[in-house]
Amino acid sequence: MGNRLQAIVDLDATGAQARRLADRVVEWLAAEGIVLAERTPCVPGRPLGHPPGPHWHRAVTDDWDWPPSDGLAVHTVRTGFTSGADMPGAALCPRCGAATALDDAAWRRFGDAMRTWHDEGTASAGCPACGTAVPLPDWTWDEAPLAFGSLGLEFWNWPELTPEFRARTAEVLDGHRTAYVWGKL
């Protein structure tokens, strides 16, 4: 059956901002009753997370058949978020819109950028179509999404989060750009 994940990743938060912004978001979510403020062992693969609150339904679509069975994991360190076992087939340049097929050579180039970003906090990958060096967090991906950030909110085994909830979350994050990653492990 597997575990379903949905992550809202702040693409703009620096390492220095991540904890403060995470605390602000959790405070807001707890005040709304979407999650509980206290942390419990409620997320797969993490020691502690925030369990669903009494008003969790405010964050999800109306067509849910089941309540959340797990909670919210908050990441405040540089993390590459993936949709699970599937990987994208192409990287999409945010400057020119060209799709770069992720063959072995392209994966090596992007893989090098991912390692550098993880180790140093910044990295770019050049677009073969327009020649622009694009910061790794700015790239988008087809099919199975990826996102890179120092702050991520990972909802485990929840019904689908609404676009409105994701937009409200971005507002709480000082209007930062966010990416939405979903998948199943």
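It should be emphasised that the depicted structure is a prediction, and the values quoted were computed from it without experimental measurement. All residue numbers in this chain count up from 1 along the given sequence.
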If the condition is ring pair (Phe, Tyr, Trp, His ring centres under 6.0 Å), which residues does [X] pass it with, not counting sequence neighbours?
X	value
Phe110	Trp139, Trp141
His118	none
Phe165	Trp28, Phe155
Trp117	Phe148

Could you check whether atom CG of Asp119 has more than 12 heavy atoms from other residues, nucleotides or ligands sitting under 6.0 Å from it? yes
Please check if the side chain of [X] supplies one atom and the backbone of [Y] the other of a donor-acceptor pair under 3.5 Å.
X	Y	answer
Glu32	Arg58	no
Asp12	Arg177	yes
Arg95	Thr132	no

Who pairs with Thr14 by side chain to side chain contact (heavy atoms under 4.5 Å, CB included), at least two apart in sequence or on another chain? Ala16, Gln17
I'd like to check the side chain to side chain contact (heavy atoms under 4.5 Å, CB included) partners of Cys42; sequence neighbours left out, ordered by chain and number. Thr40, Pro51
Using a 4.5 Å cut-off on heavy atoms from C-beta on, say whether the side chain of Leu36 contacts that of Pro54. yes
Check whether any side-chain heavy atom of His50 lies under 4.5 Å from a side-chain heavy atom of Val26, and answer yes or no. yes
For Asp112, is there an ion pair with Arg115 - N to carboxylate O distance below 4.0 angstrom? yes
